[in-house]
Amino acid sequence: MAATKKPAPKKTTASKPKPTAKKKNRSLGEKVKWFFIKLMLWFFGLSIGSVIFFKFVPVPFTPLMIIRAIENKAGGKEVYFDHDWEPIEKISMNLQKAVIASEDGTFLIHNGFDFKALQKAYKSNERGRRIRGGSTISQQTAKNVFLWQGKSYLRKGLEAYFTVLIEIIWGKERIMEVYLNSIEMGDGVYGAYAATEHWYRRDASSLTPMQAAGIAAILPNPRKFKATGSSSYINRRKQRIVREMRYVGKINYNGK
């Protein structure tokens with residue numbers, strides 16, 4: 001009798017083990033990590049690129065200019081905007097001295113931050129006194145050109161970052177040039193060219209020391225104070241700034 005063949009065993013395909021929750025979490029974590037790495041690389045690339053770009057190209061407008069225009073529009077006010085770029089060679093040396101005397105006495109020698117002024121402001125604020133902050137011209141320029149207004153830790157951190165960048169990439173002369181062309185110097189008035197035309201009906205190269213001090217004196221609140229027909233408070237500030245301008249001496253941005 002012929003032997004019966006045993007049925008061949010069925011081939012079974014081994015099922016792949018399902019990914020564990022740990023592997024899934026690890027995969028999600030990796031995606032999140034690479035997302036933030038890419039985000040940071042884009043941020044550094046764009047921020048450094050923009051600082052290099054504006055080292056050579058005039059700044060056409062700032063976030064503050066846009067914010068003020070929106071505020072005026074929302075409040076039913078006339079949207080007035082006056083801003084023209086003026087090379088630093090055509091901006092009065094008196095105005096350059098005046099803003100140093102008024103805003104940042106150590107501008108020519110610090111590396112972007114005046115830690116003594118910051119410490120003094122912190123101690124005075126602790127006692128409940130109302131004083132101006134310890135921001136340097138470099139910090140104000142970084143904030144005006146690249147950031148928004150406000151007092152959050154995020155904004156202050158970004159301000160410090162951009163301050164370091166412009167100190168390294170721009171240098172003092174370019175920082176002063178951008179500062180004097182972008183800062184708010186009246187209601188809807190931005191920069192030295194517009195300010196000298198608005199307040200004194202003359203060009204930015206021909207300011208007297210007292211006229212330059214008048215513009216510098218209103219910088220704490222240029223929409224409230226007036227450079228001409230000033231209050232007694234602003235007139236006292238003008239006199240003080242003119243006196244301190246004498247101690248600024250010759251301005252040498254190269255430090256040589």
Side-chain angles (χ1 to χ4, degrees), residues 38-69 81-100 102-104 106-114 135-149 155-186 188-198 203-207 212 215-216 219 222 248 250-256:
K38 289 178 182 178
L39 189 66
M40 292 303 293
L41 288 174
W42 272 104
F43 169 73
F44 286 123
L46 289 172
S47 59
I48 294 171
S50 63
V51 172
I52 293 172
F53 180 76
F54 285 125
K55 176 180 173 67
F56 306 102
V57 177
V59 178
F61 58 86
T62 68
L64 180 62
M65 296 177 192
I66 298 171
I67 291 168
R68 292 287 190 244
F81 181 88
D82 191 3
H83 176 241
D84 292 286
W85 185 271
E86 191 82 335
I88 195 167
E89 296 82 10
K90 294 184 179 180
I91 298 177
S92 169
M93 188 59 70
N94 285 325
L95 184 57
Q96 296 176 52
K97 288 183 178 183
V99 295
I100 290 175
S102 172
E103 299 292 297
D104 185 2
T106 60
F107 172 70
L108 294 171
I109 59 175
H110 66 57
N111 293 315
F113 307 93
D114 186 342
S135 293
T136 62
I137 285 175
S138 302
Q139 288 174 273
Q140 293 179 50
T141 305
K143 178 186 68 176
N144 288 339
V145 176
F146 299 104
L147 301 169
W148 64 95
Q149 303 297 306
R155 211 246 337 131
K156 292 299 289 183
L158 290 172
E159 179 187 296
Y161 167 73
F162 277 104
T163 298
V164 172
L165 284 186
I166 64 175
E167 280 282 340
I168 294 171
I169 296 173
W170 288 1
K172 296 294 186 182
E173 185 172 27
R174 180 61 175 177
I175 291 172
M176 178 61 77
E177 183 175 44
V178 174
Y179 175 80
L180 289 176
N181 275 286
S182 62
I183 195 167
E184 188 176 33
M185 294 180 170
V189 179
Y190 302 93
Y193 181 92
T196 52
E197 173 66 27
H198 176 78
D203 63 82
S205 63
S206 59
L207 288 173
I215 293 175
L219 295 184
V248 173
K250 184 179 178 180
I251 294 179
N252 186 350
Y253 291 112
N254 297 319
K256 294 179 182 178

*Asks:* Please find the pair of heavy atoms, one from Thr62 and one from Ser182, that lie closest to each other, and give the distance.
*Replies:*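 Where Thr62 meets Ser182 most closely, the heavy atoms are CG2-CB, 3.8 Å.
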*Asks:* Tell me if a side-chain donor or acceptor on Gln96 pairs with a main-chain N or O of Ile91 at a distance below 3.5 Å.
*Replies:*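 The answer is yes, because a donor-acceptor pair under 3.5 Å joins these two groups.
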*Asks:* Applying salt bridge (charged side-chain N to carboxylate O under 4.0 Å, His left out), can you list everything that pairs with Lys90, at least two apart in sequence or on another chain?
*Replies:*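 Lys90: no salt bridge (charged side-chain N to carboxylate O under 4.0 Å, His left out) contacts found.
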*Asks:* Please check if the side chain of Ser102 supplies one atom and the backbone of Ala98 the other of a donor-acceptor pair under 3.5 Å.
*Replies:*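 The answer is no, because no donor-acceptor pair under 3.5 Å joins these two groups.
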*Asks:* Where the side chain of Asn94 meets the backbone of Leu207, is there a donor-acceptor pair that is under 3.5 Å apart?
*Replies:*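 Confirmed, Asn94 side chain pairs with Leu207 backbone.
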*Asks:* Quick one: are Trp85 and Val178 in side-chain contact, heavy atoms under 4.5 Å?
*Replies:*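 Yes, their side chains come closer than 4.5 Å.
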*Asks:* Working to the nearest 0.5 Å, report the span between CD1 of Ile100 and NZ of Lys172.
*Replies:*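 Reported value, rounded in 0.5 Å steps: 9.5 Å.
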*Asks:* Is any side-chain heavy atom of Thr106 less than 4.5 Å from a side-chain heavy atom of Ile109?
*Replies:*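 Side chain of Thr106 against side chain of Ile109, heavy atoms only: contact under 4.5 Å found.
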*Asks:* Whether the side chain of Arg174 engages the backbone of Phe54 through a donor-acceptor N/O pair (distance < 3.5 Å, no angle test) should be reported.
*Replies:*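 Yes, because the side chain of Arg174 sits within donor-acceptor range (under 3.5 Å) of the backbone of Phe54.
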*Asks:* From Glu103 CD over to Leu219 CG, what is the distance, rounded to the nearest 0.5 angstrom?
*Replies:*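 It is 5.0 Å, given to the nearest 0.5 Å.
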*Asks:* Rounded to the nearest 0.5 Å, what separates atom OG in Ser206 from atom CG in Leu95?
*Replies:*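 The distance works out to 11.0 Å.
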*Asks:* Once rounded to the nearest 0.5 Å, what's the spacing between atom CD1 of Ile137 and atom CG of Asp114?
*Replies:*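 Going from the CD1 atom of Ile137 to the CG atom of Asp114 covers 11.0 Å.
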*Asks:* Is the shortest heavy-atom distance from the side chain of Phe43 to the side chain of Tyr161 under 4.5 Å?
*Replies:*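 A side-chain contact exists here, since the closest heavy-atom pair is under 4.5 Å.
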*Asks:* The criterion is salt bridge (charged side-chain N to carboxylate O under 4.0 Å, His left out); which residues satisfy it with Glu86, sequence neighbours excluded?
*Replies:*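 If we apply the salt bridge (charged side-chain N to carboxylate O under 4.0 Å, His left out) test to Glu86, skipping adjacent residues, there are no hits.
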*Asks:* Please walk me through it: do Leu108 and Asn252 pass side-chain contact (heavy atoms from CB on, under 4.5 Å)?
*Replies:* CA-CA 8 Å; Leu108 294 171; Asn252 186 350; over 6 Å; no
*Asks:* Step by step, would you call Trp148 with Leu158 a side-chain contact (heavy atoms from CB on, under 4.5 Å)?
*Replies:* CA-CA 10 Å; Trp148 64 95; Leu158 290 172; 3.8 Å; yes
*Asks:* Just wondering, do Glu159 and Thr163 contact through their side chains at under 4.5 Å, heavy atoms?
*Replies:*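 Yes, close enough: below the 4.5 Å cut-off.
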*Asks:* Does a side-chain heavy-atom distance below 4.5 Å link Phe113 with Val164?
*Replies:*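 Phe113 reaches Val164 side chain to side chain.
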*Asks:* Which atoms form the tightest heavy-atom contact between Tyr190 and Leu64, and what is the distance?
*Replies:*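 Heavy-atom minimum between the residues: OH-O, 4.2 Å.
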*Asks:* Test your reading of the model: is there a side-chain donor-acceptor pair from His83 to the backbone of Gly188, 3.5 Å cut-off?
*Replies:*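 Such a contact is absent between His83 side chain and Gly188 backbone.
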*Asks:* Out of curiosity, Ile175 CD1 to Leu180 CG, how far, rounded to the nearest 0.5 Å?
*Replies:*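 Those atoms lie 12.0 Å apart.
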*Asks:* Does Thr196 reach the side chain of Asp203, with side-chain heavy atoms less than 4.5 Å apart?
*Replies:*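 A side-chain contact under 4.5 Å is absent here.
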*Asks:* Between Ser138 and Glu167, is there a side-chain donor-acceptor contact under 3.5 Å, judged purely by atom types and distance?
*Replies:*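 Glu167 vs Ser138: donor-acceptor pair found between side chains.
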*Asks:* Is it the case that the side chain of Gln139 and the backbone of Thr136 share a donor-acceptor pair, with hydrogens and angles ignored and the cut-off at 3.5 Å?
*Replies:*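 Pair found, side chain donor or acceptor close to backbone of Thr136.
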*Asks:* For Ile88, is there any backbone N or O sitting under 3.5 Å from a side-chain donor or acceptor partner on Glu177?
*Replies:*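 Side chain of Glu177 to backbone of Ile88: a pair is present.
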*Asks:* Centre-to-centre under 6.0 Å for Phe107 and Tyr179, is that the case here?
*Replies:*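 When the ring centroids of Phe107 and Tyr179 are compared, they turn out to be at least 6.0 Å apart.
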*Asks:* Would you check if Met185 and Ile183 make a side-chain contact, meaning some heavy-atom pair closer than 4.5 Å?
*Replies:*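 Yes, their side chains come closer than 4.5 Å.
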*Asks:* Salt bridge (charged side-chain N to carboxylate O under 4.0 Å, His left out) with Lys143: which residues, sequence neighbours excluded?
*Replies:*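 Scan of Lys143 (salt bridge (charged side-chain N to carboxylate O under 4.0 Å, His left out), adjacent residues dropped) gives none.
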*Asks:* Measure the spacing between CD1 of Ile52 and CD1 of Ile169 and express it to the nearest 0.5 Å.
*Replies:*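 Output value for this atom pair is 5.0 Å.
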*Asks:* Is a side-chain N or O of Asn144 found less than 3.5 angstrom from the main chain of Gln140, in a donor-acceptor match?
*Replies:*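 Side chain of Asn144 to backbone of Gln140, a donor-acceptor pair under 3.5 Å: yes, one is there.
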*Asks:* With heavy-atom distances below 4.5 Å as the criterion, would you say the side chains of Trp170 and Thr141 are in contact?
*Replies:*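 Of all side-chain heavy-atom pairs linking Thr141 with Trp170, at least one is under 4.5 Å.
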